[in-house]
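Each residue takes its place number in the sequence, starting with 1. These figures come from a predicted structure and were not determined experimentally.
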Amino acid sequence: MHKPIKFVEKGLSIAANGAWVVFNGLNQINQRPSFIPKWSDKPLLKSYEKTKPPLGWPRETDSLCPTCTREARQAILDGKKDVADLLTEKVGEIKATILERDGKILMVKDCPLHGHFEDVMAMDTAFFKHLEDVFPGRDIRAHNDEKLHNHGSATIQHGRGSVLTVDLTNRCNMMCDPCFMDANQVGFVHELSWEDIKMVLDNAISIKPRRQMSVQFSGGEPTISPYFLDAVRYARKVGYNSVQAATNGIEFAKRPEFAKEAAEAGLRYAYLQFDGIGNAANAHRRVGNLFDVKLRAIENLHSNGVDIVPVVTIVNGVNNEQVGRIIEFALDNPKTINFLSFQPVSFTGRDEEVTPERRAAQRYTLSHLAHDVKNQTGIGEPIRDWFPISFMGSFTDWADVTHGAEKEFGQLTCGCHPNCGIGMAIMIDKDTKEAVPVTKFLKAEQLAKDVAAVSDAGRSRFWSNFGMALALVRNYDSFSSPTHFKLTDLLKKFDKTFGGTKKAESGAYGKTSGDRTMDDITKRRADRWNFLFIAGMWFQDLFNYDFRRTEMCIIPYATQQGEISFCAYNTGIGWRNIIEKMHMTATLTKWYEEHGRHEIFAGGKSVQLDSTAHTLKLNEEAVRAGAQTDMEDMGIAKNAREEKLAAQKKHKSPEEAAKDAAHNAEMAKLYAQHVLKEQPTLQIQGLGGKKKASEPAEVLHKPIV
């Protein structure tokens, strides 16, 4: 039975609906032109000025031939092809068509040399169409950025970015599958010096539009870089108020004092690798007690004020049944977890040469995620409750207008292609743990249109706030909201998120700026309502690569060669392979001679923890559940390493058997070197880059396991 307040709020919504007609009519008169903010050299875009890439289907786009691309990359690494060709030639590029067949959306393409390729983009055509239909358009075009964005066809052309990724090192304290960067397996170390770190961070804030970006330190494992804490401090010093670490959590779990040091340095978010509930669900990472590590890392980080974002690499048939269990974990711990990031597998790095059979079995799309969430938790209607993450652009545009021209940074805007990422917001009562999708009680599509109309008028802060409030009230359904949720809670949540009023800017809700304190963190956490955001971010691989997505990338890598799209760096032509080789720090042999070895956990080795205590609520049934066995049941390898072993057993020919045996011998040497810490005998040589005069000329050997 609805409380009386719900009926009062319903009446207010009806009244606001009538008031909106008058307000919107007056708002169309003498609208102000867009201003040029301090962080841009171009004016803000009106909603009707935004452009869109080709959408719908069938449509043609520019893609890559998987085989041509790998061959071209290797030619560059071997010195047979000039890296400058990537700036002037369309290396490996072919046309692709996105079309519908048998109720699915596919990408199909043909290479005159290597034949036909196709892959699934979505298993629900209505869902795919919905995402593209509600896409609000591209963000402001990149400009004054020539020194950082100059990578041929892969050049970022639109947007201000969202998360700047800085790989501090390619060293890692794990050796697991999948790994999009092939950490610990390339035979050399690429690690940023302190001068490199300062350079890429300084460069990032020098271009326009200037970004209110998060900076995410990644790797390898960033916490094993000797400059990790210094890098966090420097990022905060130069103006980034959201500093993150993409981490497996081992160092934070082992040393509580390290978590405290990171928090004091300015770490705000830990993007924590998190593949499932229980050690069995994480067994494919080959660390004996990895789930215990995760729980301890969460405990140590959160108690020191660092927010946790579990990041889940989803592989169909390997851990997709964990989707519901992980969401249940977040719902059971709403005071600790307010963001989940699911990342459908990208067949790159160690998995780039995946067999067609395994690729078809393990492919997982954003539409799979939306349906798995509904089927496993009963929460969320795919079309009603899921939106492209770029949908938030309508609200951040409003905040840009409201904050005015004098702001040093623009709003954090996730202006990526609608095929890249999706999200669903759930409002959770921390006291009762009641959870309701926000878009069940808030008409999202109409609200976005209303907010865009408010922004387009360019009114004063007062009238922009008034228009936003009116739009929220008229699109609010009190009868569908959580039991104890009030309209005032909704208005406060939006103000707290987007900082529309001076109350938000004064820190009344708790500061989020660089000078925030533990008191500010505690104040923000005291809110009864947890706005849990469940995101899906689908990175490309060579089989579904689309340059229309690459040029809108919001997660660039900061490198010695400029800022490069996430997908162009990790897949595509493989800028990671090229840049790491160009700027190689040392061969492994030389590195170990000078620095010694760091500990690596693999082969079922456990992490020594002083304590496994935690305060998190767990579903014991989920913890006890065994690992998913779909791949074994179908007789398909789980990962590239298993594929190599299976291929060796088949002995298709003496030549293939010899090749596989040599590969496995190479892997055995690396395992002994990294994990068993035996004296290294492998000499890995590469192309150019930083090397001492005493080092020999180099040839790349890149094992795939």
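- Shortest non-hydrogen contact noted between I383 and A126 is CD1-CB, 3.8 Å.
- Looking at D429 and T432, their side chains do bring a donor and an acceptor atom within 3.5 Å of each other.
- Side-chain atoms of S303 come within 3.5 Å of backbone atoms of N300 as a donor-acceptor pair (strictly under, hydrogens ignored).
- Taking the six-membered ring where tryptophan is involved, the planes of F566 and F539 are essentially parallel, since the angle between them stays under 30° and well short of 60°.
- When side chains are defined from C-beta on, D372 counts as touching Y364, because their heavy atoms get closer than 4.5 Å.
- In the model, N248 has a side-chain atom that pairs as donor or acceptor with a side-chain atom of N173 under 3.5 Å.
- Counted by atom type alone, D124 and H371 present one or more donor-acceptor pairs between their side chains at under 3.5 Å.
- Rounding to the nearest 0.5 angstrom, the gap separating the CE atom in M537 from the SG atom in C420 is 5.0 Å.
- Both the sub-6.0 Å distance and the 45° axial angle are not jointly satisfied by K294 relative to the ring of F291.
- Salt bridge status for D351 with R359: absent, with no side-chain N to carboxylate O gap under 4.0 Å.
- In the model, Q322 has no side-chain atom that pairs as donor or acceptor with a side-chain atom of D275 under 3.5 Å.
- Heavy-atom minimum distance, L301 versus A270: CD1-CB, 3.6 Å.
- Counting heavy atoms from C-beta on, the side chains of F117 and P66 come closer than 4.5 Å.
- When each of L164, L412, I389, T413 is checked for a side-chain contact (heavy atoms from CB on, under 4.5 Å) with I554, only I389 meets the rule.
- At distances below 3.5 Å, not a single donor-acceptor pair connects side-chain atoms of Q628 with backbone N or O atoms of A281.
- Residues K433 and L331 are not in side-chain contact: their nearest non-hydrogen atoms beyond the backbone lie 4.5 Å or more apart.
- With H302 contributing its side chain and K335 its backbone, the two residues share a donor-acceptor pair below 3.5 Å.
- Panel note: side chain N544, backbone Q540; no donor-acceptor pair is recorded below 3.5 Å.
- Aromatic ring orientation, H130 versus F387: perpendicular (interplanar angle above 60°, classes split at 30° and 60°).
- For the atom pair CD1 (I337) and CD1 (I327), the distance works out to 12.5 Å, reported to the nearest 0.5 Å.
- Side-chain contact of Y557 with N570: a donor-acceptor pair under 3.5 Å is present, judged by distance alone.
- Here F127 and W386 keep their ring centres 6.0 angstrom or further from each other.
- Ring centroid separation for the pair F135 and F391 does not come in under the 6.0 Å cut-off.
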I426 vs I379, test: side-chain contact (heavy atoms from CB on, under 4.5 Å). Steps then yes/no. CA-CA 9 Å; I426 299 177; I379 297 174; 3.8 Å; yes
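- For the residue pair E299/T615, the side-chain donor-acceptor check at 3.5 Å is satisfied.
- Annotation: D610, atom CG; neighbour count of heavy atoms from other residues, nucleotides and ligands within 6.0 Å does not exceed 12.
- Here the side chain of K430 pairs a donor or acceptor atom with the backbone of D527 at under 3.5 angstrom.
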Using the side-chain contact (heavy atoms from CB on, under 4.5 Å) rule, take L272 and V309 through it: C-alpha gap first, then chi angles, then the decisive distance, then the call. CA-CA 6 Å; L272 184 67; V309 182; over 6 Å; no
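- Checking S367 against T365 by side-chain atom types alone, a donor-acceptor pair falls below 3.5 Å.
- Taking the six-membered ring where the residue is Trp, the centroids of F347 and F543 are separated by 6.0 Å or more.
- Between the side chain of E642 and the main chain of A637, no donor-acceptor pair closer than 3.5 Å is present.
- The nearest pair of heavy atoms linking G572 to L542 is O-CD2, 3.5 Å.
- Rounded to the nearest 0.5 Å, atoms OG (S218) and CG (N170) are 11.5 Å apart.
- Scanning both residues, D546 and M107, for their nearest heavy atoms gives CB-CE, 4.2 Å.
- Between Q608 and K254 there is no side-chain heavy-atom pair separated by less than 4.5 Å.
- D332 and N619 share no side-chain donor-acceptor pair at under 3.5 Å.
- With 3.5 Å as the limit, one finds a donor-acceptor pair spanning the side chains of T169 and E191.
- At distances below 3.5 Å, at least one donor-acceptor pair connects side-chain atoms of K496 with backbone N or O atoms of R524.
- In this structure, V166 and A558 approach most closely via the heavy-atom pair CG2-CB, 4.0 Å.
- Ion pairing of R358 with E353 is absent here, as no side-chain N (NZ or NE/NH1/NH2) approaches a carboxylate O to less than 4.0 Å.
- Of the N and O atoms on the side chains of R171 and H598, at least one donor lies less than 3.5 Å from an acceptor on the other residue.
- Donor-acceptor pairing under 3.5 Å is lacking for the side chains of T165 and Q216.
- Using a 4.0 Å cut-off between charged side-chain N and carboxylate O, K440 and D385 make no salt bridge.
- Under 3.5 Å, the side chains of D541 and T348 contain no donor-acceptor pair of N or O atoms.
- Side chain of N530 to backbone of I428: no donor-acceptor contact under 3.5 angstrom is found.
- Between R268 and D307 there is no salt bridge, since no side-chain nitrogen of the basic residue lies less than 4.0 Å from a carboxylate oxygen of the acidic one.
- A distance-only check finds a donor-acceptor pair linking the side chain of N320 to the backbone of G317 [under 3.5 Å].
- Residues Q362 and K638 bring no donor and acceptor atom of their side chains to less than 3.5 Å of each other.
- Within the 3.5 Å criterion, the main-chain N or O of A613 finds a donor-acceptor partner in the side chain of R296.
- The side-chain heavy atoms of F342 and V323, taken from C-beta on, include a pair separated by under 4.5 Å.
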Set out, in order, the CA-CA distance, both residues' side-chain angles and the distance that settles side-chain contact (heavy atoms from CB on, under 4.5 Å) for K374 and M424, then state yes or no. CA-CA 11 Å; K374 179 183 178 181; M424 173 175 69; over 6 Å; no
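- With 3.5 Å as the limit, one finds a donor-acceptor pair spanning the side chains of T223 and E221.
- Ring centroids of F274 and F329 are separated by less than 6.0 Å, placing the two rings close together.
- Between the side chains of N419 and E132, a donor-acceptor pair is found at a separation under 3.5 Å.
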